[in-house]
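Worth saying up front: this structure is predicted, and the values here are computed from it rather than measured. Chain letters run A, B, ... following the sequence lines, proteins first, then strands; residues in each count from 1.
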Protein chains: 2
Amino acid sequence: MSAKRNDFNHRPTIYDVAERAGTSYATVSRYLNGRSGVAASTAKRIEQAIKDVDYTPSAAARSLAQQRTHLIALIIHARSEDIITDPNIMQIIASANARVTREGWQMVTLMSENDGESRANIERLVSGGFADGYLLYTMEEDDPLLPLFERRSMHAVISGTGYHQQPPFVSVDVDNAAAMSELIRYVLTGETHSTGGDADDADTTDTTAGDATAALRRTRPAYICGPLNMPGAPERLAAFRAVTGELLPDSADSLPVHYAADWNTTSAAAAVRAWAEDGTLTTRDAIICANDTLAVGAIEELHRLGYDVPGDVAVSGFDNSSAATSITPQLTTVDQHMERRGWVMAGLVIDQIRDADKNGDRNGDRNASADDAGNTDDAGAAPSKTVMLATDLVIRESA
Amino acid sequence: MSAKRNDFNHRPTIYDVAERAGTSYATVSRYLNGRSGVAASTAKRIEQAIKDVDYTPSAAARSLAQQRTHLIALIIHARSEDIITDPNIMQIIASANARVTREGWQMVTLMSENDGESRANIERLVSGGFADGYLLYTMEEDDPLLPLFERRSMHAVISGTGYHQQPPFVSVDVDNAAAMSELIRYVLTGETHSTGGDADDADTTDTTAGDATAALRRTRPAYICGPLNMPGAPERLAAFRAVTGELLPDSADSLPVHYAADWNTTSAAAAVRAWAEDGTLTTRDAIICANDTLAVGAIEELHRLGYDVPGDVAVSGFDNSSAATSITPQLTTVDQHMERRGWVMAGLVIDQIRDADKNGDRNGDRNASADDAGNTDDAGAAPSKTVMLATDLVIRESA
DNA sequence: ATGAAAGCGCTAACAG
DNA sequence: CTGTTAGCGCTTTCAT
């Protein structure tokens, strides 16, 4: 009952509180955890004692004893250039954080550049049971954390590159192919079946195509592709191939495609410069970019070369980032609502954790109920391995 | 020596390793911590055993036993809109992360919107000894974490709003006043003593003023101020007052100043609209903005109203964010090198921690040696309570 | 309602 | 070089 450790200058422990309150530390623990069976009078004394000694439970000791950290870790794997550049990452962090907080957990974000050391550290941490659940946003095809999550049956939700193919994991993504298809169709035909135009719309995209034989507004689309190992890049390129194959069967194979090594504006500028030299760009031309940053680079270069957008050539983006509205003309693009991404991911891990608790599993059964994209409340929906988020076509000025 | 706990499906512990290697768990612990006194043969067996059982030490147990988490926590306190908008935050995160990793620690980022719940959580965590050291980037004048750090004598480095005034804390900041002064001087007089123009220059700013009586290029500067509770905002405004007071003693008091409630482009646009209605803007006008985002908003609105920048009116920013080069004309602005901020902050906490270790203090003596801004190596400089980072005037097209 | 005691998984003297 | 023994601070039966 006496304070076992009263060394010198140490942070107060539960023993100190117990001693001051004149009870055993077990009772203090009960009080702290809201357990029943603490007399009102005792509770008062404990409460006061806690204030007196300025006590806060040790996170480490608590985690060790109850085998729970009350932490959800968001892990971001990308090259540092991309981390700084990618306007989506911050949105994921913020929205995941909001959800995790709302559900009563604490979120922490771990970032890793691609260098081995940082990676190994994070793997050790995860493997060491650092958090109760993990959100992984990765740019890598075969992220080494995946096998780890699996071996340890950890609660994890993935988002990034095509993880909907990896059976054991719950993942969140957007339908890049469908979204890009709708966008390109609009750029070429001017037709759309969704009520685009305002990013605030929450309508689900509708990929019904217009009549393929209708007169096209633009007959020479070019594509600036992002790094193919990045989330969505291959799917978006495939959509370009597919739509142009359908709408322009004769020329589809010879359409210009530039494979950018990064998402920087300069890469797009280089592509545009090359094309503009090849021959003059005309009103037949449309430059479809794999994301907004590239589109900005393309437009800037076009301006430099004396072209008008969209007067001369049309340009489209993808992401609806802040750059989309900063530039003149404002970008026609796709909003993939990254601000929902983290929110949904967080909801999914927490469901996993709660379900596992309910079933007495310490190790996760991933077939937890999943709330759908637009739905912020977790109505008990059908089990699902991959959640597809809705996108919106945003029609502005550039195309 | 036998595995005390071999329950059922539990993650392997040090006991499992010891059992398989045929030694005591103490020896395994020694091996794990690189302590001397483990026979080579034993080491081999342990190594193998670790692989066999797929063992990783428990983060919680380790922290509890050695009173060290090997974690540095970067805590960001801001409204969620600002978190998403502020282009600086990501740079701080990335650069702090790089430094922390390089020094052998693991960094985790905690984000808190201004709502009470999230805050309280973080305070509990910190108070519970969640990390070995803390980096705080806060937008608040009186962040509640500060007293906490102090009571517990924790290792912490602050950055944000004017914390150089709070004696016990080590803080990192830029000299907003000096930087803004130099910028405004340049906008008005066209003179500068630093070799501006290229953001890559690492020259220290030089605030020597030109002859105050020289003919001014612009005689009617206006100022768009950011939220005054945000980092640097008051200092920048003060610089505007000071420089205009000196250069334009007669009109200084009647110069237009707009107090924006946020950093959004729309706020700046509103200000510009009002001024343009008041009377026609002329080549005498210069609009000094508290940051790049506001400058972008101002320029966009000026364009909308048919003005040319800088042909008609000059506009300047602050931050040298990516928006500075995306817009046409590209912004004349100040680079505060946010990518150094996190790096330096991280270096400072780690120094604190190492020094405390060396002196056998568990609680920090903050008079650790601090490396200066441009200097990436920690040459034993003089003790310092606040580190001022160098800034660069970046002269482009807008002013 | 409350106290005693046994862990949680690991580190760190202290013996041998 | 290695095993034994105490903790680290808290949770959680099990008695009382």
Side-chain angles (χ1 to χ4, degrees), chain A residues 1-7 10-19 21-46 49-50 53 55-70 124-125 127-130 132 362, chain B residues 1-7 10-19 21-46 49-50 53 55-70 124-125 127-130 132 362:
Chain A
M1 186 199 286
S2 71
K4 297 187 181 176
R5 305 195 67 272
N6 217 348
D7 283 0
H10 237 310
R11 68 203 286 303
T13 73
I14 199 172
Y15 298 103
D16 300 316
V17 175
E19 185 178 34
T23 72
S24 75
Y25 56 85
T27 305
V28 176
S29 177
R30 279 189 204 98
Y31 169 85
L32 288 170
N33 297 294
R35 289 259 182 304
S36 63
V38 181
S41 60
T42 322
K44 295 288 162 247
R45 287 186 351 255
I46 293 177
I50 289 177
V53 303
Y55 168 78
T56 315
S58 148
R62 192 181 258 260
S63 301
L64 180 57
Q66 71 188 359
Q67 299 292 72
R68 256 188 173 338
T69 63
H70 306 285
R124 287 189 73 73
L125 220 53
S127 192
F130 173 71
D132 294 339
R362 261 260 159 285
Chain B
M1 186 197 288
S2 71
K4 297 187 180 176
R5 305 193 66 273
N6 218 345
D7 283 0
H10 239 311
R11 69 203 283 305
T13 73
I14 199 172
Y15 299 104
D16 299 318
V17 175
E19 185 178 37
T23 71
S24 75
Y25 55 88
T27 305
V28 176
S29 176
R30 279 187 206 100
Y31 169 85
L32 288 170
N33 297 295
R35 288 255 184 310
S36 63
V38 180
S41 61
T42 322
K44 296 285 163 250
R45 288 190 345 259
I46 293 177
I50 289 177
V53 302
Y55 168 78
T56 316
S58 149
R62 191 182 260 260
S63 302
L64 179 57
Q66 86 194 339
Q67 298 292 73
R68 256 188 172 336
T69 62
H70 305 285
R124 289 188 72 72
L125 220 54
S127 191
F130 172 71
D132 294 340
R362 260 263 159 284

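A:A39 comes within 4.0 angstrom of sugar-phosphate atoms only, judged by non-hydrogen atoms across all strands, and of no base. As judged by a 4.0 angstrom heavy-atom cut-off over every strand, B:Y55 is placed among residues touching the sugar-phosphate backbone only. A:V38 comes within 4.0 angstrom of sugar-phosphate atoms only, judged by non-hydrogen atoms across all strands, and of no base. If you check every strand for non-hydrogen atoms under 4.0 Å, B:S63 touches nothing. Within 4.0 Å (heavy atoms only), A:S58 reaches sugar-phosphate atoms of the nucleic acid but no base atom.
Proximity of a side-chain donor or acceptor of B:R30 to a complementary backbone N or O of B:R35 within less than 3.5 Å is not detected. With hydrogens and angles ignored, the 3.5 Å screen pairs no side-chain donor or acceptor of B:R124 with any backbone N or O of A:P57.
Taking side-chain N and O atoms only, A:T23 has no distance below 4.0 Å to OP1 or OP2 of C:dT2. The phosphate of C:dG9 (OP1 or OP2) has no side-chain N or O of B:T13 nearer than 4.0 angstrom. Of the side-chain N and O atoms in A:S36, none sit less than 4.0 angstrom from OP1 or OP2 of C:dA1. The phosphate of D:dT11 (OP1 or OP2) has a side-chain N or O of A:S29 nearer than 4.0 angstrom.
The A:A26 side chain lies nearest to C:dA5 when the options are D:dG3, C:dT2, C:dA5.
The CZ-P distance, from A:R62 to C:dG9, rounds to 18 Å in whole Å. Rounded to whole angstrom, the span from the CG atom of A:L32 across to the P atom of D:dT12 amounts to 12 Å. Rounded to whole Å, the distance from CD on B:Q67 to C1' on D:dG7 is 10 Å. Between B:K44 atom NZ and D:dC1 atom P the separation is 14 Å, expressed in whole Å. The separation between A:F130 atom CZ and C:dG9 atom C1' is 17 Å, rounded to whole Å. Between A:Y25 atom OH and D:dC10 atom P there is a gap of 11 Å when expressed in whole angstrom units. Look at CG on B:N33: it is 17 Å from P on C:dG9, rounded to the nearest Å. Distance, A:Q66 CD to C:dG9 P: 14 Å, rounded to whole Å.
A side-chain contact (heavy atoms from CB on, under 4.5 Å) with A:Y31 is found for one member of A:I46, A:T42, A:T23 and no other, namely A:I46.
Map A:I14 and B:T27 each onto its nearest nucleotide of DNA chain D; the residue landing nearer the 5' end is B:T27. Residue whose closest nucleotide on DNA chain C sits further toward the 5' end, between A:A65 and B:R30: A:A65.
Using bins of under 30°, 30° to 60° and over 60° for the plane-to-plane angle, the ring pair A:Y25/A:Y15 lands in the perpendicular bin.
Using a 4.5 Å heavy-atom threshold, the side chains of B:L32 and B:V17 count as separate.
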